[in-house]
Number of protein chains: 2
Amino acid sequence: MDTQDNKLLEEDISLKLFVVLSRALQSIKKRVEEDIKSFGLNPTEFAVLELLYSKGAQPIQKIGDKVLIASSSITYVVDKLEKKKFLERKPCPKDRRITYAVMTTEGTELMNEIFPKHKHAIQEICAGLDLNEKKNLIQQLKKLGYYAQGIEL
Amino acid sequence: MDTQDNKLLEEDISLKLFVVLSRALQSIKKRVEEDIKSFGLNPTEFAVLELLYSKGAQPIQKIGDKVLIASSSITYVVDKLEKKKFLERKPCPKDRRITYAVMTTEGTELMNEIFPKHKHAIQEICAGLDLNEKKNLIQQLKKLGYYAQGIEL
DNA sequence: TATAATTATCTCGAATTCGAGATAATGTGC
DNA sequence: GCACATTATCTCGAATTCGAGATAATTATA
């Protein structure tokens, strides 16, 4: 049956897509994480600093929403960054359940130094595609990702 | 300076690509892992079983190469799968350093049952793109991934 | 207002992964 | 055949993440 065969074939292609996607990201991540590690941070710590750097102070809970980690993990990461003096906890005066994570001067100085390097490293890692190919890839990945999340475009 | 500006722009696009790629895979993985968890396995366990299922018995060390995990982690995963009776360790008679991981009948039966379901689940998760879009995406991701790994095409 | 539901953060223990190093077997160069 | 490097597996402890549940504050409801 032709329709059957096509369905089976398409399942194989989808599986392949999943595998290739996983491996491509793994290769990139490996190099990005080496880069981040050279700054003395792990990927989650970097992601939290990046968020505060670009969006300003955030309630701890919001950090988890954006960086996509569990609340218990945020506590752990924020603890570590606080010990390293890159951020501070500041209670919200209006809502005493809320604690803000606020970058310190040291944190901002660190990001001023490493964020451009980080962007440049990613640029070099992704240089296998030209600008238009990247733009197209972004479009297709968004379509794929939104659909997987259950959001139709 | 125009060249400068373009470089900065392209760095932003590359960063965006990295973010979109990470998020797309995260959305897909989340659903794939739910699927796998419903079979009572975690992603690494499933990957090991999938390897043995498609490629037959493997020296434990080879498993780590293919599934891309550290040797100490393989020991851990193989221990767990052995306890669950999905595979056995068999010493190699020719080289006494080597231990093979061999699927048991239970393991094969499990994979006979769940692997088609798994493929079908991925097919549904990836249905945001049509067949040609998937094929193109695979090509582009391979190019990106190989380059990131330092392999020119 | 008292009660219940929700929200934000944290604590705790378990699962998973890693890296460094131990152990044992094999291969290599002299 | 012996010393040395290499290879395969495992042990151990540390790092990271999660989920369940505790605590406390706020909001909604009767």
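This one's a predicted model, so the numbers in the text were calculated from it and none came from an experiment. The figures here come from the full heavy-atom set of this structure, side chains too, leaving out hydrogens, waters and symmetry mates.
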Query raised in the report: What about the rings of His118(A) and Phe46(A), do their centers lie closer together than 6.0 Å?
Result: yes
Query raised in the report: So Ile122(A) and Asp35(A), side-chain contact (heavy atoms from CB on, under 4.5 Å) or not? Walk me through it.
Result: CA-CA 9 Å; Ile122(A) 289 181; Asp35(A) 179 54; 6.0 Å; no
Query raised in the report: Which atoms form the tightest heavy-atom contact between Tyr147(B) and Ile125(A), and what is the distance?
Result: CD2-O, 3.5 Å
Requested in this report: Return the residues of residues 40-55 of chain A meeting this criterion: a heavy atom under 4.0 Å from some atom of DNA chain D. Order them by number, or give none.
Outcome: Asn42(A), Thr44(A)
Query raised in the report: Rounded to whole angstroms, how far apart are OH on Tyr76(B) and P on dG13(D)?
Result: 16 Å
Report summary line: Applying ring-ring contact (aromatic ring centres under 6.0 Å, His included) to Phe115(B) and not counting sequence neighbours gives Tyr53(B)
Requested in this report: Among residues two or more places apart or on two chains, list those pairs meeting salt bridge (Lys or Arg N to Asp or Glu O under 4.0 Å) that have a residue in residues 56-68 of chain A.
Outcome: none
Query raised in the report: dG19(C) P sits how many Å from Lys37(A) NZ, rounded?
Result: 6 Å
Query - Sequence neighbours excluded, every pair satisfying side chain to side chain donor-acceptor pair (under 3.5 Å) that has a member inside residues 20-31 of chain A - result: Ser27(A)-Gln149(B)
Report summary line: Lys84(A) NZ to dA15(D) P, in whole Å, measures 11 Å
Requested in this report: Would you kindly give the CD1-to-C1' distance between Ile63(A) and dT7(C), to the nearest whole Å?
Outcome: 16 Å
**Report entry** Selection residues 72-88 of chain A - residue pairs positive for salt bridge (Lys or Arg N to Asp or Glu O under 4.0 Å), sequence neighbours left out
**Finding:** Glu45(A)-Lys80(A), Glu45(A)-Lys84(A), Asp79(A)-Arg89(A), Glu82(A)-Arg89(A), Glu88(A)-Lys90(A)
Query raised in the report: Given atom CZ of Arg96(A) and atom P of dT6(C), what is their separation to the nearest angstrom?
Result: 22 Å
Query - Proximal nucleotide (of dA15(D), dC18(C), dT16(C)) relative to the Ala70(B) side chain - result: dC18(C)
Report task. Could you please spell out the steps behind the side-chain contact (heavy atoms from CB on, under 4.5 Å) verdict for Leu144(A) and Leu21(A)? Result -> CA-CA 11 Å; Leu144(A) 184 67; Leu21(A) 184 58; 4.1 Å; yes
Report summary line: 5' to 3', nucleotides 4-11 of chain D under a 4.0 Å protein heavy-atom cut-off (B base, S sugar-phosphate only, - none) gives ---BSBBB
Requested in this report: Check the distance between dT17(D)'s P and Leu68(A)'s CG and give it to me in whole angstrom.
Outcome: 12 Å
Requested in this report: Would you check if the side chain of Glu133(B) reaches a backbone N or O of Asp130(B) as a donor-acceptor pair within less than 3.5 Å?
Outcome: yes
Query raised in the report: Under 4.0 Å between a side-chain N or O of Lys94(B) and OP1 or OP2 of dT26(C)?
Result: no
